Amino acid sequence: MTIPPSPQQPDASVERAAAAAPVPPSERFAARTSGMVASEIRALFAVASRPEVVSLAGGMPNLAALPLDALSAEIGDLVAREGQVALQYGSAQGVPALRAQICDVMREEGIEADPNDVVVTVGSQMALDLVTRLFCDPGDVVLAEGPSYVGALGSFAAYQARVIHVAMDEHGLVPELLEQALRSLAAQGVTPKFLYTIPNFHNPAGVTLAVERRQRVLDLCAEYGVGVVEDNPYGLLGFSGTRYPALRSLDRDVVYLGSFSKTFASGLRVGWALVPPAVRDRLVLAAESATLCPPSFTQMIVSRYLEKHDWRAQVKAYTEQYRERRDAMLTALDTYLPEGCTWTVPDGGFYVWVTLPEGVDAKAMLPRAVTARVAYASGTGFYADGLGSRQLRLSYCYPTPERITEGVRRLAGVIEAELDVRRTFGLPAVPAPELRRGSHTPSPDTA
């Protein structure tokens, strides 16, 4: 007697027919697209933008300090006087006047550069994507801090690079662990294409690479033949008044990425890469293939702003605004978060990195936090290897101090509820060993 196949076990002939069915042309994707996944943070935006939710998730700059009336008049004058140029195609490398001004901006962190080595891009994310495209073949290794910027991890995955994280402490990237990773890879015959690092006011960790470690990191990479890509969007937004030397100021072979998104206006999407001459021509060709040319209009707006307005005073205004919000965040964390939570104490930038007690999963807890009308970015989105389940990023750049305080209060209630569940089922919450307990004092001296 023939027994018909069960619904759970389809006939093999059906399986063969399904396998042989042609794939529609619109679904014949390149293999590299398998690494393209939606960012956990982007997925949060729809929920976090609801007015009743206090969003501590996104890193949106607060533009309240911008002189919008003056900028409006400047933009109108630009169109009236130079519209024929501003609204036309331009150079793939960027407006020459802006490239020279970018060199002036970078000089604030000790970088002496030639405008010919600057390539303007549509935000520094484009620069990072193009640099990855230039250097990485499928399977190549990229070193990155753990945790690391989610946009960088997305670019590395899109080009099928393999990310190996190097841990940080409160002083930033740990040189001994970097050396350990380099030695281990060398023993396997693997040379990473580059180290990707955010040395100042790290996203998401909030820490700054100690000055005494910077040359050691560069020396290690040089010893093992590994390039360095320095991403520095927050470098001018320090709260102590200290300007840390860029890695590029110590080594002219460093690829440096910069942006006006955090120090002027993110919506203009103007960033840049400062690259060694050997990289420049290829980077310009890659930029041409991606966008033909960056928009002259937005570049000329930034150029006029730098020329006619006190941009240093504007950076100072932003810094004071973010310092006030950072202080509100730290006070709220000290006041409300339960014992066993630890966090970093940023000396600039936008972010605080929180580690939860043992057994509390930040990603699993997020829907309950949203129900409690607070949003954050769970830590797993900042690792390429599945780590970060006990960690989360809190952003203080956009909400008012009052909203920050209320958001942390709501978050603390959610964490307490998670801990209550563990206590109910006899699972003790063990204090986390990672990074020191937060307080009002800044990060340990990085000078």
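None of the values given here were measured: they were computed from a predicted structure. Starting from 1, each residue takes its place in the sequence as its number.
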Which distance, rounded to the nearest 0.5 Å, do you find between the [atom1] of [X] and the [atom2] of [Y]?
X      : Y      : atom1 : atom2 : result
Leu236 : Thr319 : CG    : OG1   : 8.0 Å
Glu82  : Met300 : CD    : CE    : 4.0 Å
Thr242 : Tyr244 : OG1   : OH    : 4.5 Å
Asp251 : Glu230 : CG    : CD    : 10.0 Å
Arg99  : Asp114 : CZ    : CG    : 9.0 Å
Leu394 : Arg326 : CG    : CZ    : 14.5 Å

Strictly distance-based, threshold 3.5 Å: is any side-chain N or O of [X] a donor or acceptor partner for the main-chain N or O of [Y]?
X      : Y      : value
Lys193 : Phe135 : yes
Gln93  : Asn116 : yes
Asn200 : Gly235 : no
Gln160 : Asp140 : no
Arg368 : Ala364 : yes
Arg214 : Leu209 : yes
Glu324 : Glu320 : no
Ser72  : Leu68  : no
Thr400 : Arg403 : yes
Thr335 : Thr331 : yes

Could you report the tightest heavy-atom contact between [X] and [Y], atom names first, then the distance?
X      : Y      : value
Pro115 : Ala100 : CG-CA, 3.8 Å
Val207 : Gly172 : CG2-CA, 3.9 Å
Val118 : Cys103 : CG2-SG, 4.0 Å
Pro61  : Ser261 : CG-O, 3.3 Å
Ala205 : Met168 : CB-CE, 3.6 Å
Lys262 : Gly59  : CE-O, 4.4 Å

Do the side chains of [Y] and [X] get nearer than 4.5 Å, heavy atoms only?
X      : Y      : result
Thr380 : Gln391 : no
Pro346 : Val352 : yes
Thr355 : Cys341 : no

Checking [X] now: which residues fulfil salt bridge (charged side-chain N to carboxylate O under 4.0 Å, His left out) with it, not counting sequence neighbours?
X      : result
Glu112 : Arg107
Arg216 : Glu179
Asp117 : Arg280
Arg162 : none

Residue Arg243 excluded, over 12 heavy atoms near CZ under 6.0 Å: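 Atom CZ in Arg243 is packed in, count exceeds 12.
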NZ/NE/NH1/NH2 to OD/OE distance under 4.0 Å, Glu74 and Arg304: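 A salt bridge links Glu74 with Arg304.
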Candidates Asn203, Thr344, Leu56 - the one meeting side-chain contact (heavy atoms from CB on, under 4.5 Å) with Arg393: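 For Arg393, the side-chain contact (heavy atoms from CB on, under 4.5 Å) test succeeds with only one of Asn203, Thr344, Leu56, which is Asn203.
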Lys316 and Asp310: CA distance, side-chain angles, deciding distance, salt bridge (charged side-chain N to carboxylate O under 4.0 Å, His left out) verdict: CA-CA 10 Å; Lys316 186 171 184 279; Asp310 189 348; over 6 Å; no
Val255/Val228 under side-chain contact (heavy atoms from CB on, under 4.5 Å): CA gap, chis, key distance, verdict: CA-CA 6 Å; Val255 172; Val228 176; over 6 Å; no
Step-by-step side-chain hydrogen bond (donor to acceptor under 3.5 Å, both in side chains) determination, Gln314 to Thr263: CA-CA 8 Å; Gln314 183 65 55; Thr263 57; over 6 Å; no
Leu87/Ser296 under side-chain contact (heavy atoms from CB on, under 4.5 Å): CA gap, chis, key distance, verdict: CA-CA 7 Å; Leu87 300 175; Ser296 298; over 6 Å; no
Phe350: partners by ring pair (Phe, Tyr, Trp, His ring centres under 6.0 Å), with sequence neighbours left out: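 Residues passing ring pair (Phe, Tyr, Trp, His ring centres under 6.0 Å) with Phe350: Tyr234, Tyr322.
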Test ring pair (Phe, Tyr, Trp, His ring centres under 6.0 Å) applied to Tyr383 - qualifying residues, sequence neighbours left out: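 Partners of Tyr383 under the ring pair (Phe, Tyr, Trp, His ring centres under 6.0 Å) test: His165.
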Intermediate values then yes/no, side-chain hydrogen bond (donor to acceptor under 3.5 Å, both in side chains), Arg410 and Thr405: CA-CA 9 Å; Arg410 295 176 186 179; Thr405 300; over 6 Å; no
Evaluation steps, side-chain hydrogen bond (donor to acceptor under 3.5 Å, both in side chains), between Asn232 and Tyr256: CA-CA 7 Å; Asn232 191 33; Tyr256 177 96; 3.0 Å; yes
Test log, rule salt bridge (charged side-chain N to carboxylate O under 4.0 Å, His left out), inputs Arg248 and Glu109: CA-CA 9 Å; Arg248 178 61 172 73; Glu109 296 178 278; over 6 Å; no
Qualifying residue for ring-ring contact (aromatic ring centres under 6.0 Å, His included) with Trp353, from Phe382, Phe201, Tyr376: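 Answer to the ring-ring contact (aromatic ring centres under 6.0 Å, His included) test with Trp353 among Phe382, Phe201, Tyr376: Phe382.
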Parallel, tilted or perpendicular: ring planes of Phe239 versus Tyr396, cut at 30 and 60 degrees: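 Rings of Phe239 and Tyr396: tilted, as their planes differ by 30° to 60°.
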Worked verdict on Asp361 versus Ser389 for side-chain hydrogen bond (donor to acceptor under 3.5 Å, both in side chains): CA-CA 5 Å; Asp361 188 318; Ser389 63; 4.7 Å; no
Chi angles and distances behind the side-chain contact (heavy atoms from CB on, under 4.5 Å) call for Val315, Arg312: CA-CA 5 Å; Val315 169; Arg312 291 177 179 85; 5.6 Å; no
Check against side-chain contact (heavy atoms from CB on, under 4.5 Å), Phe260 and Ser266: CA-CA 7 Å; Phe260 291 105; Ser266 55; over 6 Å; no
Ring-ring centroid check Phe156 Tyr196, cutoff 6.0 Å: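 Ring centroids of Phe156 and Tyr196 are less than 6.0 Å from each other.
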